[in-house]
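Values reported hereafter were calculated over all heavy atoms of this structure, with side chains retained and with hydrogens, waters and symmetry mates removed. None of these values were measured; they are calculated from a predicted model. As the structure lists them, so they are numbered: ligands from 1, and atoms in each ligand from 1.
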Amino acid sequence: MMKLYTGSISGNSHKLRVLCAMLEVPYEEILVNLEQGEHKSEAYRRISPRGEVPALVDGAVRLWDSAACLVYIARKQGSDAWCPGDAAGLAEVTQWLALSATELQCGLQYARRGVLHDRWTLGDAARASAFGRIGLDALEARLKDHDWLCFDRPTIADIACFAYAETAPEANIPLESWPGVMAWLERCRALPRWPGR
Ligand SMILES: N[C@@H](CCC(=O)N[C@@H](CS)C(=O)NCC(=O)O)C(=O)O
């Protein structure tokens, strides 16, 4: 069975749980103890060389990035709905995966980590939240008049961007200025099988 290496309060890990729930994919979850630094151990770095969760092991396949894992899980299930295989469709999804790994990760996630753990990876609260706001503005520009980030249905783009948009208030970034984003978060949560944190 596919193994997922995850962290307990890790939004990046939660992305994989969400997709597996939506597609009803079974998996074995191995909780990596981030508080005790297990993700920096030599043994774990053989699975994820950058020492982060999540990671995925499925037979000979080893992956260590949440976006890569989302693509793998969806495509392995043959799910064109959640991750299209055609050039334009895949590229459209990928641009949101890229946003989730830049403005949302380095802005919103790092701001949350700073607030929760006083660890400011790329600068102080003002810099992290300014970068995160660029990501929220990009989401809002699409979501003010669309239900989903791509096409007319949820895809892995929504799952990837949901995680740290949802936790923005924990980074002291209330979402009232982005009403389209707030409505979309509710729309995601209302999907059958969408798991809570
Ligand atoms: N871009 C990576 C980011 C992964 C990441 O930031 N993981 C966090 C948990 S959400 C982590 O392992 N943090 C531990 C640390 O940096 O010490 C991905 O999408 O997988």
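- Counting the atoms of ligand 1 from 1 in the order shown, those under 4.0 Å from a heavy atom of P54 are 20 (O).
- In this structure, A101 does not count as a contact residue of ligand 1, since none of its heavy atoms falls inside 4.0 Å of the ligand.
- Ion pair D58/K76 flagged as a salt bridge, since at least one NZ, NE, NH1 or NH2 atom sits closer than 4.0 Å to an Asp/Glu carboxylate oxygen.
- Atom numbering of ligand 1 starts at 1 in the shown order; those under 4.0 Å from a heavy atom of Q105 are 3 (C), 6 (O).
- Checked for salt-bridge contact, E42 and R45 miss the test: no charged N lies under 4.0 Å from a carboxylate O.
- Atoms of ligand 1 lying under 4.0 Å from any heavy atom of Q109, numbered from 1 in the order shown and given with element: 6 (O), 10 (S).
- Under 4.0 Å is where a charged nitrogen must lie from a carboxylate oxygen, and between R197 and E170 at least one such pair does.
- Using a 4.0 Å heavy-atom cutoff, R119 is listed among the residues neighbouring ligand 1.
- Not a single heavy atom of K15 lies less than 4.0 angstrom from ligand 1.
- Looking at H14 against ligand 1, nothing comes within 4.0 Å, counting heavy atoms.
- Of the residues Y72, Y5, W64, the one that meets the side chain to side chain contact (heavy atoms under 4.5 Å, CB included) test with L56 is Y72.
- Residue contact check: Y164 has heavy atoms under 4.0 Å from atoms 10 (S) of ligand 1.
- With salt bridges taken as basic N to acidic carboxylate O contacts below 4.0 Å, one links R50 and D65.
- Look at E29 and K3 and you find no salt bridge, because none of the NZ, NE, NH1 or NH2 atoms lies under 4.0 Å from a carboxylate O.
- Using modelled atom types, one finds no donor on one side chain facing an acceptor on the other under 3.5 Å when comparing D80 with W82.
- Under a 4.0 angstrom heavy-atom cut-off, Y5 registers as lying outside contact with ligand 1.
- Which parts of ligand 1 touch S10 is read off a 4.0 Å heavy-atom cut-off, strictly below it: atoms 9 (C), 10 (S).
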